[in-house]
Amino acid sequence: MRATRTAAAVGVLTVLAGTSACGLDGSEPHTVARKHSLVIGVKEDQPMLGFKRGGTYEGFDVDVALYVAGRLGVPRDRVRFRTTNSSVRESALASGAVDMIFATYSITAKRKTQVTFGGPYYVAHQDTLVRADATSIGNVRDLKGKRICEVTGSNSWRRVVEERRIAARPVTAPTYGACMDDLAAGKLDAVSTDDLILAGFAAGRGVRIVNAPFTDEKYGVGLKKGDLEGCELVNRAITRMYQDGTAARLLDKWFGKSGLKLTTSVPQFEGCS
Ligand code: GLU
C-alpha cells in the first residue's frame with residue numbers, strides 16, 4: 001500500500017515537472033520543448049528567407065520558425081528573433097544566446113558533432129549566380145580559377161573547393177548580402193550557394209542563376225546539442241506543417257514567383273542525435 005502511494009506521488013511529481021514551463025528553481029529548462037519564451041536565430045540580410053526590414057524580421061525561415069514555435073506552445077509575442085550569421089551559429093547555440101536556429105542551416109556530418117538538428121524542414125540545392133553578362137560560367141566546373149565568395153562559417157565554398165576539388169579562388173565575406181555587394185563591385189566572379197538564397201537575391205540586380213544545381217542542402221533546425229526531446233517535438237511540428245498545407249502555402253508565398261521547382265512533400269528526417 002505504502003509502496004503504491006509513493007509510486008503514485010512520484011508519478012504526479014514527474015507529470016508536474018514535465019508540464020511546467022520552468023524548472024523547480026524558476027529557471028528555464030534546457031529543452032525547447034518546455035520554454036515559456038524562445039530566442040530564435042535567423043539571418044537578417046537574405047531576402048525571402050531571413051531579412052530585417054524596419055526592425056522586424058521576415059521570410060520563409062522566419063515564418064517556419066513562428067509556426068514551429070507555435071506548435072511548441074510559444075506564441076508569436078513570446079518569440080524574439082536574433083540575427084545569427086553563418087560564423088556564429090554553433091557558438092550561439094552552445095552559449096544559449098539563442099534557443100533554436102532557422103537560418104538556411106544545412107545539416108552536415110561535421111556540424112552534427114556540435115549541434116542537434118531537427119528536420120530538415122526543406123531541402124535546397126546549391127547553384128551559382130553570376131553577373132548577367134558573364135556567359136563563360138555555365139556550371140560548377142566553370143568556377144575553376146574564378147573568384148567565388150567564401151562566407152565565414154558557411155559550407156557552400158567548401159562544396160566547390162573541398163568536396164569537388166575545383167580550384168576556384170575563395171574571397172571571404174561576412175554574409176551573403178556582402179557577397180552580392182562584392183559581385184556588383186567586380187570583386188567576385190560568382191556567388192555559389194543554395195538556390196533559395198540566390199533566388200532571394202536575384203530579382204532586379206542584373207544577375208543570372210546558371211541553373212545547374214549540384215547538391216542537396218538539408219535545412220535543419222539547430223538545437224542545443226543533446227536536446228533530443230525538443231528535436232522530436234520539432235520534427236512532429238514540421239510533419240504537421242506539411243500535412244496541414246502550411247509548408248506549401250509558405251513556399252508559394254516566398255518563392256512562388258521565383259521560377260524554382262518547389263517540393264511540397266515532407267522531407268526525409270535525419271533523426272535526432
Ligand atoms: N546552407 C549553407 C550552409 O549552411 C549555406 C548558407 C548559410 O551559410 O547560411 O552552410
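All ligand and atom numbering here is 1-based and tracks the order in the structure.
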Would you please indicate if the ring centroids of Y121 and Y242 are separated by under 6.0 Å?
no
In a table with atom names and distances, give each donor-acceptor pair under 3.5 Å that connects a side chain of residues 193-208 to protein atoms at least two apart or in another chain.
unit_1, atom_1, unit_2, atom_2, d
T193, OG1, S156, OG, 2.8
T193, OG1, Y176, OH, 3.4
D194, OD2, Y219, OH, 2.6
D195, OD1, H125, N, 3.1
R205, NE, F201, O, 3.3
R208, NH2, A134, O, 2.6
R208, NH2, I137, O, 3.3

Does the side chain of T246 come under 3.5 Å of the side chain of D244 through a donor N or O and an acceptor N or O?
-> yes
Result block: side-chain N/O donor-acceptor pairs under 3.5 angstrom for residues 262-273, not counting sequence neighbours:
unit_1, atom_1, unit_2, atom_2, d
E270, OE1, K112, NZ, 2.8
E270, OE2, K218, NZ, 3.0

Please tabulate, one line per pair, the protein nitrogen or oxygen atoms found under 3.5 angstrom from a nitrogen or oxygen of ligand 1, with distances to 0.1 Å, or say none if there are no such pairs.
unit_1, atom_1, unit_2, atom_2, d
ligand 1, 1 (N), T104, O, 2.9
ligand 1, 1 (N), S106, OG, 2.7
ligand 1, 1 (N), D194, OD2, 2.7
ligand 1, 4 (O), R89, NH2, 3.3
ligand 1, 4 (O), T104, O, 3.2
ligand 1, 4 (O), S106, N, 3.1
ligand 1, 4 (O), R111, NH1, 2.9
ligand 1, 8 (O), S86, OG, 2.8
ligand 1, 8 (O), R89, NH2, 3.2
ligand 1, 8 (O), S154, OG, 2.7
ligand 1, 9 (O), K43, NZ, 2.6
ligand 1, 9 (O), S86, OG, 3.3
ligand 1, 9 (O), R89, NH1, 2.8
ligand 1, 9 (O), T104, O, 3.2
ligand 1, 9 (O), T104, OG1, 2.7
ligand 1, 10 (O), R111, NH1, 3.4
ligand 1, 10 (O), R111, NH2, 2.9
ligand 1, 10 (O), S154, OG, 3.3
ligand 1, 10 (O), N155, N, 2.7

Quick test of your reading of the model: are D99 and K35 salt-bridged, counting only N-O distances below 4.0 Å?
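Between K35 and D99 there is a salt bridge, with a charged N closer than 4.0 Å to a carboxylate O.
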The side chain to side chain contact (heavy atoms under 4.5 Å, CB included) partners of N155 (sequence neighbours excluded) come to T108, R111, R158, R159, E163
